[in-house]
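Written out below as structure tokens is the structure these notes cover.
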Amino acid sequence: MQEDHVSTHQAEEDARNEEILIYLNGKIVPKAAAMVSVYDSGFMLGDGIWEGLRLYNNTWAFLDAHMDRLFEASLAVDLDIGMTRDQVISALLETQKANGMTHDAHARLMITRGLKVRPFQHPSLSQTGPTVAIIMEHSKPSIPRPIRLATVPHQRGLPMTQDPKLNSHSKLNCILACIAAEKAGADEALMLDVHGFVNTTNACNFFIVRKGEVWTSTGDYCMNGITRQKVIDLCRANGIPVHERNYSLVDTYGADEAFLTGTFGAQTPVGDIDGRQIGDGQMGPMTQRIRALYKDLIERECA
């Protein structure tokens with residue numbers, strides 16, 4: 001791994017994060033006391049769902065969309081959250097208040113199937129209800145240069161295996177993809193779909209820019225990120241041609257620009273893919289324009 005390796009989730013160091021308070025099953029506890037059992041379904045089997053949320057100007061951006069996705073996931077995996085939508089939001093706000101956070105904060109809201117009575121797979125062994133945790137950190141993105149990607153053999157799979165649209169705790173496929181990219185000297189992985197078309201990265205949605213047009217994958221084999229959709233909507237609203245389509249590495253290597261989208265980093269420029277410089281290797285003008293449009297959207301949404 002290169003010494004100057006960076007991540008799409010790289011943040012400025014903030015000593016306050018050593019003293020954060022964490023929501024765990026209805027209580028606000030110090031970071032050192034936020035423990036779950038080795039019998040927890042999430043620890044034992046990755047049996048859980050999660051959401052990442054971003055705080056701007058004392059407002060959680062696109063909160064309704066995140067709650068929609070969380071509760072849709074709970075239905076998909078047959079996990080009873082044990083809380084109403086309003087109760088989940090109240091827990092989020094309670095954690096925010098306890099930490100005194102108003103801006104540049106990131107929350108990871110996690111729900112697992114809870115404690116198992118025996119260390120085996122069957123969901124009926126999870127008999128004590130869900131484990132609900134909210135980790136909230138002071139978090140300001142700090143990415144010193146455009147991201148380097150490497151294409152890896154790991155794919156985002158078919159929905160009948162593990163549907164990539166599901167925000168589940170089971171992220172091993174993406175972790176292995178990231179490891180492969182690091183071994184190749186890159187920062188993160190560019191993953192293809194089952195047909196060999198460019199899909200997504202191990203952590204974010206992926207876009208390219210070609211001749212003034214913005215391209216991203218069809219969305220059939222990737223997490224349909226909230227930031228991804230906002231970027232598509234912003235392009236359509238501002239006269240920027242945007243396409244959700246199948247495209248190959250040939251199209252990608254010849255792109256004028258490339259960028260990633262995600263709740264944490266919003267839009268992160270890509271400078272290099274498989275050792276090939278993209279454009280001039282820096283953030284391109286279309287990426288800059290979309291970042292400005294997104295910033296304006298956040299200011300309106302989180303006024």
Side-chain angles (χ1 to χ4, degrees), residues 6-8 62 141 143-156 164-165 177 181 184-300:
V6 300
S7 164
T8 50
F62 315 123
I143 303 173
R145 58 161 174 77
I147 292 288
R148 289 191 295 257
L149 299 178
T151 308
V152 298
H154 308 79
Q155 298 175 339
R156 291 296 181 103
K165 292 185 174 67
D187 300 313
E188 295 197 358
L190 183 61
M191 302 175 73
L192 308 181
D193 68 22
V194 296
H195 304 293
F197 294 114
V198 173
N199 188 5
T200 183
T201 75
N202 58 274
C204 297
N205 289 122
F206 178 75
F207 289 74
I208 60 173
V209 181
R210 290 179 59 91
K211 299 180 180 179
E213 297 183 343
V214 176
W215 295 11
T216 193
S217 71
T218 62
D220 291 337
Y221 302 103
C222 68
M223 167 58 64
N224 286 189
I226 290 168
T227 309
R228 172 187 184 272
Q229 189 60 52
K230 297 300 178 184
V231 165
I232 292 169
D233 293 344
L234 284 169
C235 287
R236 289 173 176 160
N238 290 275
I240 300 170
V242 61
H243 306 286
E244 296 175 83
R245 66 193 305 174
N246 289 322
Y247 62 94
S248 72
L249 284 172
V250 172
D251 302 309
T252 303
Y253 296 150
D256 302 313
E257 304 175 36
F259 62 91
L260 312 178
T261 62
T263 297
F264 176 83
Q267 296 82 37
T268 303
V270 175
D272 181 283
I273 301 174
D274 296 334
R276 295 160 173 84
Q277 180 174 294
I278 304 300
D280 64 3
Q282 300 301 314
M283 185 188 303
M286 182 65 79
T287 306
Q288 292 180 34
R289 183 182 176 192
I290 290 171
R291 280 171 65 111
L293 291 170
Y294 186 81
K295 183 180 179 182
D296 289 345
L297 174 63
I298 289 292
E299 288 176 353
R300 294 194 304 271

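Values reported hereafter were calculated over all heavy atoms of this structure, with side chains retained and with hydrogens, waters and symmetry mates removed. Residue indices begin at 1 and follow the sequence shown.
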Sequence neighbours excluded, the answer for side-chain hydrogen bond (donor to acceptor under 3.5 Å, both in side chains) partners of Tyr294 is none

Do the side chains of Met191 and Cys222 get nearer than 4.5 Å, heavy atoms only? no

Strictly distance-based, threshold 3.5 Å: is any side-chain N or O of Arg156 a donor or acceptor partner for the main-chain N or O of Thr201? yes

Value for CG (Asp220) from CD (Glu244), rounded to nearest 0.5 Å, stands at 9.0 Å

So, taking the atom named CD1 in Ile278 and the one named CD1 in Ile208, what distance separates them when rounded to the nearest 0.5 Å? 8.5 Å

Given 3.5 Å as the limit, does a donor-acceptor pair link the side chain of Asn224 with the main chain of Gly219, or not? yes

Looking only at heavy atoms, what is the nearest atom pair of Ile143 and Thr8, with distance? CD1-O, 3.8 Å

Any Lys/Arg nitrogen of Asp272 or Arg145 sitting under 4.0 Å from an Asp/Glu carboxylate oxygen of the other? no

On a heavy-atom basis, which atom in Met223 and which in Arg228 lie closest, and how many Å separate them? O-CD, 4.4 Å

For the side chain of Lys230 and the backbone of Gly225, is there at least one donor-acceptor N/O pair under 3.5 Å apart? no

Are side-chain heavy atoms of Glu299 and Lys295 found at a separation under 4.5 Å? yes

Are Ser217 and Thr200 side-chain neighbours, meaning at least one heavy-atom pair lies under 4.5 Å? no

Closest approach of Val242 to Ile232 (non-hydrogen atoms, all atoms of both residues): CG1-O, 4.0 Å

Keeping Gln277 on the side-chain end and Gly279 on the backbone end, is there a donor-acceptor pair under 3.5 Å? yes

Treating Glu257 as the side-chain partner and Thr287 as the backbone partner, does any N or O pair qualify as donor plus acceptor under 3.5 Å? yes

Pair Leu249, Leu190 - check side-chain contact (heavy atoms from CB on, under 4.5 Å), show working. CA-CA 10 Å; Leu249 284 172; Leu190 183 61; 4.0 Å; yes

Stepwise, does the side-chain contact (heavy atoms from CB on, under 4.5 Å) test hold for Asp256 with Met286? CA-CA 9 Å; Asp256 302 313; Met286 182 65 79; over 6 Å; no

What is the ring orientation for His243 with Trp215, classed by angle as parallel under 30°, tilted 30 to 60°, or perpendicular over 60°? perpendicular

Closest non-hydrogen atom pair between Thr227 and Thr263, with its separation: OG1-N, 3.4 Å

Partner residues of Gln282 under the side-chain hydrogen bond (donor to acceptor under 3.5 Å, both in side chains) criterion, sequence neighbours left out: none

Look at the side chain of Asp296 and the backbone N and O of Leu293, then say whether any donor-acceptor pair between them is shorter than 3.5 Å. no

Donor-acceptor check, side chain of Asn202 to backbone of Glu188, threshold 3.5 angstrom: yes or no? no

Here the gap from Tyr221 atom OH to Gln155 atom CD, rounded to the nearest 0.5 Å, amounts to 10.0 Å

Can you name the closest pair of heavy atoms from Arg148 and Gly185 and give their distance? NE-O, 3.9 Å

For the pair Asn246 (side chain) and Phe197 (backbone), establish whether a donor and an acceptor sit closer than 3.5 Å, ignoring hydrogens and angles. no

Distance from Ile290 atom CD1 to Asn238 atom CG, nearest 0.5 Å? 9.5 Å

With rounding to the nearest 0.5 angstrom, report the CE to CZ distance, Met283 to Phe259. 10.5 Å

Are any non-hydrogen side-chain atoms of Leu260 and Asn205 less than 4.5 angstrom apart? no

What's the spacing between Ile273 CD1 and Leu149 CG if we round to 0.5 Å? 5.5 Å

Kindly give the heavy-atom pair with the smallest separation between Phe62 and Leu297, and that separation in Å. CZ-CD2, 3.8 Å

